[in-house]
Each structure stands twice: as C-alpha cells, then as structure tokens.
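Read through the structure below, which is laid out as structure tokens, and then see the notes.
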2 protein chains.
Amino acid sequence: MSRKLSTLDPQRLDNQICFAVYSAAHAFNRVYKPLLDRLGLTYPQYLVMLVLWERDDVPVKDIGEKLFLDSGTLTPLLKRLEAAHLVKRTRSSEDERQVLIALTPQGHALKEKARSVPQSILAASNCTVSELVAMKDEIVALRDRLNAVIGE
Amino acid sequence: MSRKLSTLDPQRLDNQICFAVYSAAHAFNRVYKPLLDRLGLTYPQYLVMLVLWERDDVPVKDIGEKLFLDSGTLTPLLKRLEAAHLVKRTRSSEDERQVLIALTPQGHALKEKARSVPQSILAASNCTVSELVAMKDEIVALRDRLNAVIGE
DNA sequence: GCATATTCAATTGCGAACAATTAAATGTGA
DNA sequence: TCACATTTAATTGTTCGCAATTGAATATGC
C-alpha cells in the first residue's frame, strides 16, 4: 500500500526518473572507459571526435550545439585534443570570432581504431535492437522537452 | 535506405543510446538547478540529502552504494554539506574506520522546503505517469545490467 | 598472538560541466 | 559613420566524478 503509493507519488517519480538517468549515464561512462582508454580519449572527447568524423572544419559552436555543451567545456577539451595531435584549431579568416576545428591525419586515422568501441553494450543490455531504439527515442524526446523548458 | 541502415546499425545504436542518456542527464540537471539554487544545493548534494531524509546516521559507504558514488566524490561533497550546517560527520565508536553522517536540525528542516522541487518535470514531459514509470524501470534495468558488466 | 589481507575514508590529480565575466569581431540602425 | 547590440571564444572559479594512493582500523588464517 505504502509501497504502491511511493511508486506512484508524482513527487518521487520526478526524482526517480532523474536519478535513473543520472546513474545510467555514469554506468555507461564506466563501461566505455576501458574501451576509450585504449584510444587515449575520455567519453566527452570521444563525442567530439564522433562529431568531427561526420564533418570536419566546423566552428566550436557547431560542436557545442550538437553535444549541448558550451565553450567553457569545449575550449579546454579541444586544447587537450590539440595537445594530443588529434585536431588543429585555427581562427576563421571569414569571421575572426570563430575557431575552426579540423582533424589531423592522426585524428582521421583514429576513426578506424574506434570502430570496435561500441560493441559490448548491446550484448550486455539483454535487449532487442528494437527495444533499445524505442528506449533511445523516448529518452531523446524527454531530453528535448526538458531542453525546451529551459529555453523558456 | 541508408537512413534505415544508420538507425539500425548496432555500432551507432550503442553510441546513440549512450549519448541520449548522457545528454538527458545534463538536461535534467539544468532543469533542477534553478529549483535547487533556492535550497543552496547542487544536484548531487540533493541526492545525498534525499538519502539522508530517508535514513539518518549512516556511514559514507552506504550513501555511496545507493548513489553509485565513491569516497573521492562524497568526502568533499559531505564536507561542503557540513560547512553549510546541514549534516554532521562523526567517526563511529564501534568501527573507527567509518564516518557516520547525521542530519542537523537545519538538515531535517530543509526537507520541507524541498517538497516543491520535483514538480515541473512531469508537467513538462507531456507523458502519462505510467509511461514515465515504465521508462524509468527500463532505464534502471539497463543501468543495472551495465553495472553488472563492470563488476565482471 | 602475529602476520597478512581487507575495509573504509581521505587525499591528490586530472578532466569534465557550467555560470559569469571578458574581449574581440561582426552586424545594425540612425 | 558611429553608437550600440549581438555573436563567438576564452577565462575564471566552483563543483562533480573517478582512478590511484595512503593510512588507519578491523578481520582472518595460521
């Protein structure tokens, strides 16, 4: 009775779904870490590389919009990627405010090595592909609604 | 065709579901932040307080197990809560290795003020309660399977 | 009882994450 | 043209998150 109440209590549900997402994000990070260690990347760095492998020579802002991150996070991260010789940062000649991020040959080459990174998660999840696709779409929809609330 | 392939490509799905969770966690954090600011808490601090409001006088390790956090994260966080006069940290007399965390009167009092925190998420989500419960359960199940993989 | 292993918290160092501010470049209106 | 707003990165300061190490207390095996 009190158990049923606590599960359906909307007050707690907010907390519960938020914590579920929060703790799942950490769990993903822990699974990815040993795989990414071999590439010398952290997970946020890996996300940036995924963006760049799709399209190169983009301003910092474009990366930030795709990953929902701001320059306070990206600037030092990109400097670390530059220090690792994976990207080059150059100011745009058309708009001097922009810094364009381009992959180095090593940055491009890393794409092949990264192929094997996402593999064990699906196996470990014990879900069908369609279940995971549905789940992903639900989470994305929730995220987008939350972000819409923030934008007002 | 290529669109369908990319959606069903298990390689990308791994990345996509992980990023969905990662970005949703940030979105939640941004929604909670202005509400928690009024309490003078960050989201991880709020999680610790939620644990303590359920049960008091627990060792650091118990908190860590519930929130999937270690002492490297919790020790400084708890010191900040102590500096804010919300908790008291005392070494257990039974086992001197343990530090017990107890709420101060102000820590207890904050529970009432925190009642209004989880509220807008459900409204903003545009989902039914049962949909959100199902979603939460799926995410928790996935998280637990991921954590099981880490434990080997 | 004593050496060894385990447990627990604290510490250190590094990398996010973000708010708030700064500074420079660009765009706009009068 | 010139004042003003906007855009874009960079900077600064605070807080997480975790790996790795340390150190102390407790438990275990012999």
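The figures here come from the full heavy-atom set of this structure, side chains too, leaving out hydrogens, waters and symmetry mates. Order of the sequence lines sets the chain letters (A, B, ...), proteins ahead of strands, with each chain counted from 1.
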- Message: Please check: side-chain N/O of B:T104 versus main-chain N/O of B:L86, any donor-acceptor pairing under 3.5 Å?
- Response: yes

- Item | Interatomic distance where NZ belongs to B:K61 and P belongs to C:dC8 [whole Å] | 4 Å

- Item | Length of the CG-C1' vector between B:L77 and C:dA9, whole Å | 14 Å

- Across the strands shown, which category fits A:L74 at heavy-atom distances under 4.0 angstrom: base, sugar-phosphate, nothing? nothing

- Anything under 30° is parallel, anything over 60° is perpendicular, the rest tilted; go ahead and classify B:Y46 against B:W53. perpendicular

- Exercise: identify the closest heavy-atom pair between B:V51 and B:L67: CG2-CD2, 3.8 Å

- Taking for A:D95 and for A:F68 the nucleotide of DNA chain C with the nearest heavy atom, the one nearer the 5' end belongs to A:F68

- Task: Provide, to the nearest angstrom, the distance between the CG atom belonging to A:D37 and the C1' atom belonging to C:dC14.
- Result: 13 Å

- Can you tell if the side chain of B:L39 reaches within under 4.5 Å of the side chain of B:Q45, non-hydrogen atoms only? no

- Do A:Y22 and B:Y43 make the cut of ring centroids closer than 6.0 angstrom? yes

- Task: Please report, rounded to the nearest Å, how far the C1' atom of C:dC18 is from the CZ atom of B:R30.
- Result: 9 Å

- Item | B:R89 side chain near B:L81 side chain, heavy-atom distance below 4.5 Å | no

- Message: From CG of A:L81 over to P of C:dG15, roughly how many Å is that when rounded to an integer?
- Response: 11 Å

- Between C:dA16 atom C1' and A:Y32 atom OH, what is the distance in whole Å? 18 Å

- Note on the structure: Whichever of A:P59 and B:D70 has the more 5' nearest nucleotide on DNA chain D, that residue is A:P59

- Query: Where along residues 42-55 of chain A does a heavy atom fall under 4.0 Å from DNA chain C?
  - Reply: A:T42, A:P44, A:Q45

- Between A:D70 and A:T73, is there a donor-acceptor pair closer than 3.5 Å when you use the side chain of the first and the backbone of the second? yes

- Could you tell me whether A:E112 and A:R115 make a salt bridge, using a distance below 4.0 angstrom between a side-chain N and a carboxylate O? yes

- Query: CD1 of B:I101 versus C1' of C:dC8: gap in Å, rounded?
  - Reply: 12 Å

- Under 4.0 angstrom between B:T75 side-chain N/O and C:dA10 OP1 or OP2: yes

- Message: Judged by each residue's nearest nucleotide on DNA chain D, which is more toward the 5′ side, B:R80 or B:R97?
- Response: B:R80

- Query: What integer distance in Å separates B:L69:CG from C:dC8:C1'?
  - Reply: 16 Å

- Query: When you list every nucleotide of DNA chain D with an atom under 4.0 Å from a heavy atom of chain B, which one comes first 5' to 3', and which comes last?
  - Reply: D:dT15 to D:dT26

- Query: Does B:D62 pair with B:K66 as a salt bridge, N-O distance under 4.0 Å?
  - Reply: no

- Item | Any donor-acceptor N/O pair under 3.5 Å between C:dA16 base and A:T73 side chain | no

